[in-house]
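Heads up, the thing below is written out as structure tokens.
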Amino acid sequence: MPPQARARVRDAVARRATGRSLEGPFYTDREFFDVDIEAVFARQWLFVAVDAELPEPGDCTTVEIGPYSVIVLRDDDTLRAFHNVCRHRGARILDPGGGSTGNLVCGYHKWTYGTDGTLLHAPSQPADFDPGCFGLRTVHVRSVGGLVFVCLAEEPPADFAEVAARIEPYLRPHQLRRAKVAARTDLVEDGNWKLVMENNRECYHCDGHPELLRTFFPTYGYTEDNVPAQLRPAHERYLRADAEMRETYERLDLPYALIEELHIRPTGFRIQRDALDLAGESFTPDGAAACCRLLGDLATPRLGHLALHMQPNSWFHVLGDHAITFGVLPLAPDKTLLRTTWLVHQDATEGVDYDPDTLLRVWTATNEQDARLVARAQQGVSSPAYEPGPYAPTEYQVEAFCAWYIARLREELQR
Amino acid sequence: MPPQARARVRDAVARRATGRSLEGPFYTDREFFDVDIEAVFARQWLFVAVDAELPEPGDCTTVEIGPYSVIVLRDDDTLRAFHNVCRHRGARILDPGGGSTGNLVCGYHKWTYGTDGTLLHAPSQPADFDPGCFGLRTVHVRSVGGLVFVCLAEEPPADFAEVAARIEPYLRPHQLRRAKVAARTDLVEDGNWKLVMENNRECYHCDGHPELLRTFFPTYGYTEDNVPAQLRPAHERYLRADAEMRETYERLDLPYALIEELHIRPTGFRIQRDALDLAGESFTPDGAAACCRLLGDLATPRLGHLALHMQPNSWFHVLGDHAITFGVLPLAPDKTLLRTTWLVHQDATEGVDYDPDTLLRVWTATNEQDARLVARAQQGVSSPAYEPGPYAPTEYQVEAFCAWYIARLREELQR
Amino acid sequence: MPPQARARVRDAVARRATGRSLEGPFYTDREFFDVDIEAVFARQWLFVAVDAELPEPGDCTTVEIGPYSVIVLRDDDTLRAFHNVCRHRGARILDPGGGSTGNLVCGYHKWTYGTDGTLLHAPSQPADFDPGCFGLRTVHVRSVGGLVFVCLAEEPPADFAEVAARIEPYLRPHQLRRAKVAARTDLVEDGNWKLVMENNRECYHCDGHPELLRTFFPTYGYTEDNVPAQLRPAHERYLRADAEMRETYERLDLPYALIEELHIRPTGFRIQRDALDLAGESFTPDGAAACCRLLGDLATPRLGHLALHMQPNSWFHVLGDHAITFGVLPLAPDKTLLRTTWLVHQDATEGVDYDPDTLLRVWTATNEQDARLVARAQQGVSSPAYEPGPYAPTEYQVEAFCAWYIARLREELQR
């Protein structure tokens with residue numbers, strides 16, 4: 001962190017008031033953005049892909065994390081990740097997008113790497129050239145229940161293994177490793193990555209999501225004490241659905257308890273199995289499943305949704321019939337990529353077991369609605385007249401996100 | 001102002017030579033641009049709209065002043081202005097453009113403000129939430145003879161009331177509050193805002209304005225002593241027209257004396273009622289009025305033009321038959337918005353009393369010609385080989401603009 | 001150089017390891033780019049045009065060198081160069097592109113300069129105005145064998161005259177001053193200017209140039225000791241062709257000896273007359289001449305090519321039938337203009353003596369292939385995970401370029 005940026009960040013961190021939104025420069029300033037890359041995206045475990053994108057040995061994909069480019073690759077049974085940078089003169093090795101590869105060959109001077117990253121061949125070198133010194137630089141990678149995370153740091157946060165162990169039992173019944181990618185969308189939002197995350201962490205704005213609210217209870221984030229009067233009927237429905245779901249979960253031996261550790265650890269997360277409205281099966285107009293072939297070996301679609309939220313860059317809805325993953329990647333202070341992936345059972349057939357339009361409709365609409373809200377927020381906080389305002393109680397997960405984020409900056413400032 | 005910018009600005013201000021153009025970085029550098037926003041646009045009274053845009057209670061418009069967005073709104077009889085930023089999480093409230101509004105509702109979480117800026121409703125707040133603390137942040141606003149000015153500073157320049165009092169008698173006969181907007185154009189010029197202003201402050205370049213020069217005397221800015229030989233015939237015509245106009249002004253009791261205080265006060269201005277060539281009524285090929293219905297209760301169109309120039313961002317031509325306002329708003333070091341508004345009597349009917357093409361032709365052409373000149377100037381001063389050059393005597397108002405501007409920077413450096 | 005940039009550049013220069021590529025910020029950082037303009041492009045002699053573009057008195061062209069714009073003009077027999085900036089308020093005088101001009105008239109206020117740069121007329125000035133103080137600022141310009149170089153520095157590198165004297169005998173037989181421009185292309189590459197230069201300085205990547213390798217020996221840059229096994233057949237062909245060419249050069253009294261002083265002087269250069277494969281005459285599929293009318297008074301096209309490489313921004317291939325010049329101009333840290341010009345004898349007729357498609361094919365394809373490689377390199381070195389890697393022996397001219405460049409930065413840091 002350059003000295004001048006360090007001073008500005010330190011002062012802004014010191015001024016941060018709990019329960020209020022962050023100051024404008026956190027969202028708009030290039031220096032703060034660079035600090036975010038350094039302190040968050042180059043330090044933490046990040047969700048970047050799904051195992052289902054890489055089913056076969058040699059399958060690979062690339063992901064851009066701020067200025068970094070990373071190759072994720074299945075080397076026989078092992079997932080591997082490398083910096084997408086040739087060790088010769090630094091050329092990018094793989095183009096964006098996925099595919100299948102044998103050796104990794106740099107297109108500039110044909111330096112050739114194995115799928116384990118070792119340099120196999122560099123033409124026309126002198127006798128004392130040691131290829132062992134020029135393998136691809138590795139990146140930590142780990143699959144958790146079919147979700148692929150990487151960490152750019154040399155020493156990743158130590159608590160990830162524990163978090164993974166607590167998450168996996170929830171994910172296991174859905175067998176996402178045996179899923180296939182039904183669709184993937186990339187949406188570039190006109191806002192800072194933190195505004196995209198904050199928007200995800202509350203349903204205070206859910207009036208703007210008519211499609212989602214068919215099945216998603218708008219009382220999410222409220223408590224018995226503070227659920228507003230106009231949401232009381234929905235709350236009553238929720239209580240009934242919740243009671244029924246708990247019976248189902250107990251009967252099927254599905255883990256469902258809420259764990260909420262969003263800001264008290266480096267690998268902040270929240271997980272909960274929860275009811276949906278109407279048919280209670282999926283994000284569709286009537287709540288019925290969008291895919292006939294269920295995930296894993298599940299026997300019933302009426303399971304509500306498994307909601308997983310992770311810091312700093314992802315959330316997930318895992319249903320009986322499909323799963324949706326959301327990954328957030330920063331592009332610029334005011335540009336963010338939201339990558340959404342829909343997974344169905346690997347044997348589900350498009351047009352037979354599921355109609356893609358129905359499968360994608362709700363979250364495509366919801367993402368676009370959120371993108372418009374995020375853009376409004378970005379425009380507003382860009383004014384020097386903007387001052388941090390107070391979070392409502394139902395926005396406590398936004399506060400948790402900000403608290404987690406500020407803690408990461410504090411750590412970085414102490415390095 | 002960041003310390004590094006402060007040092008650079010201080011040195012450049014100290015080097016400024018009277019009678020010469022400004023050094024390159026004033027026009028090209030992002031740091032200097034940010035200082036301009038801080039020292040000029042966030043401090044001074046700015047022309048941003050006309051009353052005629054907001055005739056009815058609830059009518060509103062927004063204006064972008066550098067990174068600021070401001071709502072201007074008619075609340076019953078009172079003009080009000082607010083920062084266009086929700087007090088919750090900072091979302092932009094109103095989209096660009098004008099309209100009519102009841103309450104101001106933020107599209108993100110439905111925080112709702114009255115037209116006086118008070119927070120009327122914020123959903124789902126705890127008992128101790130005090131809406132009185134979260135009204136919209138106000139911006140100073142003042143109408144002068146139908147021209148709307150705002151000031152973003154907490155303490156606006158104290159001399160504005162005095163200047164307004166001196167200007168209003170000149171404007172009063174034209175009754176711009178009873179006018180309507182016949183047309184408005186937004187032109188983005190590829191140059192720094194100061195180049196746009198400087199270009200407006202001299203007629204040394206007027207050879208490039210054939211349409212304008214049908215009626216606008218090219219001797220503007222020259223004196224008896226220095227009017228060049230080739231402009232002598234025009235000067236003779238001017239002297240005759242001027243003598244006739246003075247008689248008319250005296251007869252009709254219209255204020256016409258030149259007041260020129262462009263750089264000796266914060267609210268620098270110049271006002272003068274002056275003759276036009278040919279029919280002497282309007283900016284048309286033959287100088288005849290472009291609108292049959294005259295402004296206010298005027299009985300004759302042969303009044304020349306009332307020319308008003310104000311620092312830092314506006315100029316005006318008020319005629320017997322119509323008025324044209326010009327507002328300059330900085331977008332980037334090398335991008336500037338010029339907003340031009342044509343006003344006619346509120347009872348004038350398009351196609352009957354005036355032909356929009358005729359009304360707009362001269363100044364649309366002139367603006368475009370000026371934009372090309374400004375772009376050339378921006379390109380040239382971007383070269384490190386550019387050195388400030390000498391102003392000719394006829395460019396004394398450009399010097400006045402620069403002197404006013406440098407004085408504002410000096411003030412800012414002393415804060 | 002701002003203090004902060006100076007410190008960063010000084011540290012990066014100190015860390016530079018011989019035989020390895022440069023650190024990432026040299027290619028990606030705006031501050032380093034600005035230093036390159038200051039330390040290299042505003043100091044050194046730069047190839048910017050050919051005499052053949054300016055055959056007649058009054059012919060002129062403009063060239064953009066980073067933020068500078070320069071007019072190059074033939075004033076009777078003398079080449080002249082000026083900053084393209086009016087001495088009044090700095091407006092750009094000539095638009096991009098070439099043409100023919102009498103006086104140079106600024107489009108803003110009609111200040112008028114002669115073709116020798118003197119201010120001939122500035123309207124409406126006071127009596128004490130001295131036009132002698134406001135001539136156009138001159139730029140050093142020099143033609144070497146028909147190639148036009150400019151230098152923005154007040155005191156150009158002193159060794160240019162000596163280098164010119166050593167180059168001219170090689171160029172003389174081709175008489176480029178009597179050539180005409182058959183074609184010119186501008187290619188904007190998505191990479192730093194140094195990556196464009198480095199790419200030109202080795203044939204380690206030449207596998208990617210199938211059209212070029214029809215006649216260009218891929219052994220370029222290798223030595224007897226390190227030519228790889230798979231290039232042995234080509235090397236054998238080269239040795240035979242080289243022996244024959246040497247006889248030809250001796251017989252025709254054409255200078256051909258290799259001079260290689262790429263990094264040991266400010267005006268670094270390399271010159272060599274060398275064999276081509278197949279017919280050995282030109283860059284065509286079969287190596288036969290692309291133009292029937294030979295350059296100068298040459299009697300045979302079978303002359304291989306005269307290869308001239310100059311620091312910091314040019315290279316040249318001069319053949320019996322035509323010549324190709326390559327000039328590199330920086331646009332942004334990650335954008336570079338490559339201007340390629342094809343010259344044929346001034347009496348050669350398009351469609352009769354040469355087919356433009358055939359003439360341009362090889363180097364158009366080669367340039368586009370190189371542009372893709374440069375873009376890959378730019379993408380890769382933009383990752384913070386990039387580390388400088390080792391040059392192979394055949395990349396010794398890349399090392400020479402970097403060593404020359406680092407020496408220039410060292411000089412600048414000592415000013």
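Pairs of residues two or more places apart, or lying in two chains, that qualify as ring pair (Phe, Tyr, Trp, His ring centres under 6.0 Å) and include a residue from residues 113-138 of chain B are B:W111-B:F129, B:F129-B:F134.
A donor and an acceptor atom, one from each side chain of A:Y204 and B:S124, are nowhere located under 3.5 Å apart.
Residues A:G380 and B:V85 share a closest heavy-atom pair of O-CG2, 3.8 Å.
By the disulfide (SG to SG under 2.5 Å) test, A:C203 is found to be paired with A:C206, residues two or more places apart in sequence or in another chain being considered. Evaluation of the side-chain hydrogen bond (donor to acceptor under 3.5 Å, both in side chains) rule for B:D128 yields no partner, not counting sequence neighbours.
Distance check, rounded to the nearest 0.5 Å: OH of A:Y386 to CZ of B:R137 gives 12.0 Å. Put simply, OH on B:Y108 and CG on A:D370 are 7.0 Å apart, with the number rounded to the nearest 0.5 Å. Taken from CD in A:E198 to CZ in B:R89, the straight-line distance is 5.5 Å, to the nearest 0.5 Å.
Here the side chain of B:R92 pairs no donor or acceptor atom with the backbone of A:R376 at under 3.5 angstrom.
Looking at A:D225, there are no atoms closer than 4.5 Å to chain B (heavy atoms on both sides), in backbone or side chain. Using a 4.5 Å cut-off between heavy atoms, B:P3 does not touch chain A at all. For a residue to count as touching a neighbouring chain, one of its non-hydrogen atoms must lie under 4.5 Å from one of that chain's; by this rule B:L136 does not touch chain A. The contact between B:Q4 and chain A is made entirely by side chain atoms (from C-beta outward), counting heavy-atom distances below 4.5 Å. Contacts of B:I93 with chain A are made by backbone atoms alone, with heavy-atom separations under 4.5 Å and no side-chain atom involved. For a residue to count as touching a neighbouring chain, one of its non-hydrogen atoms must lie under 4.5 Å from one of that chain's; by this rule A:Q378 does not touch chain B. Contacts of A:V227 with chain B are absent, with no heavy-atom separation under 4.5 Å from either backbone or side chain. If you measure heavy-atom distances from B:H88 to chain A, the contacts under 4.5 Å come from both the backbone and the side chain.
Residues B:S69 and A:S383 have side chains not in contact (no heavy-atom distance under 4.5 Å, counting atoms from C-beta outward).
When the shell of 6.0 Å around CD of B:E154 is examined, it contains 12 or fewer heavy atoms from other residues, nucleotides or ligands. Within 6.0 Å of atom NE2 in A:H235, more than 12 heavy atoms from other residues, nucleotides or ligands are found, so the atom counts as buried in its surroundings.
Chain B forms more heavy-atom pairs under 4.5 Å with one residue of A:A375, A:A392, A:A377, A:P390 than with any other, namely A:P390.
Contact annotation for residues 13-38 of chain A against chain B (heavy-atom separation below 4.5 Å, listed by residue number): A:R20, A:S21.
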